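Only one structure is covered here, and it is reproduced in the block below.
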2 protein chains.
Amino acid sequence: MYCIDDKEFPCSTSLTMRYIGGKWKAVILLHLIEKKRYSELRRECPAITERTLSLQLKELEEDGLVIRTVHTNKAPLKVDYELTEFGKTLIPLLMSIADWGEGAAASDMRIKTSRG
Amino acid sequence: MYCIDDKEFPCSTSLTMRYIGGKWKAVILLHLIEKKRYSELRRECPAITERTLSLQLKELEEDGLVIRTVHTNKAPLKVDYELTEFGKTLIPLLMSIADWGEGAAASDMRIKTSRG
DNA sequence: CTGTATCCTCCAAGATACTG
DNA sequence: CAGTATCTTGGAGGATACAG
């Protein structure tokens, strides 16, 4: 049994999902394997709305998985995001997640693949 | 770009999360690495409500990850669940998810661990 | 450029009672 | 034993406009 902020997690699996679950967190983390500017991230993930991307990044930062760096305070702002050491421990898992999805696309006939 | 039932997934990562995302699916799948009776599953996952367990199992079945077998139609019913061959391709990933959670519990000081 | 602020919708999931 | 049926709700996530 694990707890974070009075929320309970009965096993380590549910605990992991607390960090990378949700619709977009794993996607964002995977993109951040390479350090990125905020605008790069947005361009690479057009399916994620601005608000959601911003909120998820803040949560990832609070969870200690991602670090945000501001390089200048004068406009135009320059901010980038990268994985912390703790966040980097997720890399093999993130790779496995991406890999499994590719395999699934070949196995599950309900999945339609297109260039998009 | 991938599609299932007119829902769009921009990358393989988001596609995987479609299968194992949500609060409990990965937990259920991990328990089903060994074939289980419905009642066993319930006993082992008391944190999951009956309704949710039932719904998730049905979804996992529709997704081709799990197979449900009814062994008798006369009461008392006997039903068990196990991973399909497709579902078994998730096992290494499920293991990694559980493992990472254990490591996180040791790294993230916000996580309180208890016997429960 | 890098975000917030508002408003809104939808649905995953909980609680509880009931059924073949 | 193995589930459904109802009812409810919190919160994740979308759309869009605005801000430092």
Side-chain angles (χ1 to χ4, degrees), chain A residues 4-10 13-14 17-29 31-32 35-63 66-82, chain B residues 4-10 13-14 17-29 31-32 35-63 66-82:
Chain A
I4 305 179
D5 305 331
D6 295 346
K7 302 258 178 144
E8 301 184 349
F9 303 88
T13 301
S14 62
M17 297 312 283
R18 152 70 178 69
Y19 285 84
I20 66 166
K23 197 168 176 182
W24 297 118
K25 273 192 181 158
V27 174
I28 294 169
L29 287 167
H31 278 88
L32 289 181
K35 174 161 53 167
K36 293 244 162 67
R37 296 280 299 273
Y38 178 77
S39 50
E40 291 183 272
L41 213 43
R42 282 197 54 192
R43 233 179 302 117
E44 294 175 8
C45 307
I48 312 181
T49 64
E50 211 160 312
R51 175 197 133 93
T52 297
L53 179 57
S54 185
L55 283 177
Q56 302 292 286
L57 283 169
K58 194 172 288 183
E59 286 185 22
L60 292 171
E61 200 187 351
E62 286 167 3
D63 287 344
V66 157
I67 182 143
R68 174 178 179 273
T69 311
V70 183
H71 289 284
T72 166
N73 283 316
K74 321 153 200 156
L77 281 192
K78 184 176 172 183
V79 177
D80 53 32
Y81 292 87
E82 61 190 312
Chain B
I4 305 180
D5 305 331
D6 295 346
K7 301 260 176 142
E8 301 184 348
F9 303 89
T13 301
S14 62
M17 297 313 283
R18 152 71 177 71
Y19 285 85
I20 65 165
K23 197 167 176 182
W24 297 118
K25 273 191 181 161
V27 174
I28 294 171
L29 287 167
H31 277 90
L32 288 181
K35 173 161 52 168
K36 291 246 163 67
R37 296 282 298 273
Y38 178 77
S39 50
E40 292 183 274
L41 212 44
R42 282 197 55 194
R43 233 178 302 118
E44 293 174 8
C45 308
I48 312 180
T49 64
E50 212 160 312
R51 176 197 134 90
T52 298
L53 178 57
S54 185
L55 283 176
Q56 302 293 285
L57 282 169
K58 194 172 287 181
E59 286 185 24
L60 292 171
E61 199 187 350
E62 285 167 3
D63 286 344
V66 156
I67 182 142
R68 173 178 179 274
T69 311
V70 183
H71 289 285
T72 165
N73 283 318
K74 319 153 200 156
L77 282 190
K78 185 176 170 181
V79 177
D80 53 33
Y81 291 88
E82 62 190 313

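Residue numbers start from 1 in every chain, and the chains themselves are labelled A, B, ... in the order their sequence lines are given, proteins ahead of strands. Quantities reported herein were computed from a predicted structural model and do not represent experimental measurements.
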Just the rounded figure in Å: distance from [atom2] of [N] to [atom1] of [X].
X: B/F9; N: D/dG13; atom1: CZ; atom2: P; result: 13 Å
X: B/E40; N: D/dA2; atom1: CD; atom2: C1'; result: 13 Å
X: A/R68; N: C/dT4; atom1: CZ; atom2: C1'; result: 12 Å
X: A/E50; N: C/dC1; atom1: CD; atom2: C1'; result: 10 Å
X: B/L53; N: C/dA15; atom1: CG; atom2: C1'; result: 15 Å
X: B/L55; N: D/dT4; atom1: CG; atom2: P; result: 8 Å
X: B/L41; N: D/dC1; atom1: CG; atom2: P; result: 14 Å
X: B/D80; N: D/dA2; atom1: CG; atom2: P; result: 9 Å

Closest nucleotide among D/dG14, C/dG3, D/dA2 to the A/K23 side chain: D/dG14
Would you say [N] has OP1 or OP2 under 4.0 Å from some side-chain N or O of [X]?
X: B/S54; N: D/dG3; result: no
X: B/Y38; N: D/dT4; result: no
X: A/K58; N: C/dT4; result: yes
X: B/T49; N: C/dA15; result: no
X: B/Q56; N: C/dA13; result: yes
X: B/T52; N: C/dA13; result: no

[X] to [Y] - nearest heavy-atom pair and separation:
X: A/K25; Y: A/I20; value: CB-O, 3.9 Å
X: A/L53; Y: A/I28; value: CD1-CD1, 3.7 Å
X: B/T72; Y: B/K74; value: OG1-N, 3.1 Å

B/M17 vs A/K23, test: side chain to side chain contact (heavy atoms under 4.5 Å, CB included). Steps then yes/no. CA-CA 7 Å; B/M17 297 313 283; A/K23 197 168 176 182; over 6 Å; no
Touch class at under 4.0 angstrom, heavy-atom based, for B/K25 against every strand present: nothing
Would you classify A/R37 as touching base, sugar-phosphate or nothing, given that sugar-phosphate means primed atoms plus P, OP1 and OP2, and contacts are heavy atoms under 4.0 Å? sugar-phosphate
Would you mind telling me which residue lines up with the more 5' stretch of DNA chain D, A/A47 or A/K7, judged by nearest nucleotide?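 The answer here is A/K7.
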For a side chain to side chain contact (heavy atoms under 4.5 Å, CB included) check, start with the C-alpha distance between B/Y38 and B/L77, then their side-chain angles and the critical distance, and finish with the verdict. CA-CA 10 Å; B/Y38 178 77; B/L77 282 190; over 6 Å; no
If you assign each of A/P76 and B/L77 to its closest nucleotide in DNA chain C, which residue comes earlier from the 5' end? A/P76
Classify the side chain of B/R51 and the base of C/dA13 as holding, or not holding, a donor-acceptor pair under 3.5 Å. yes
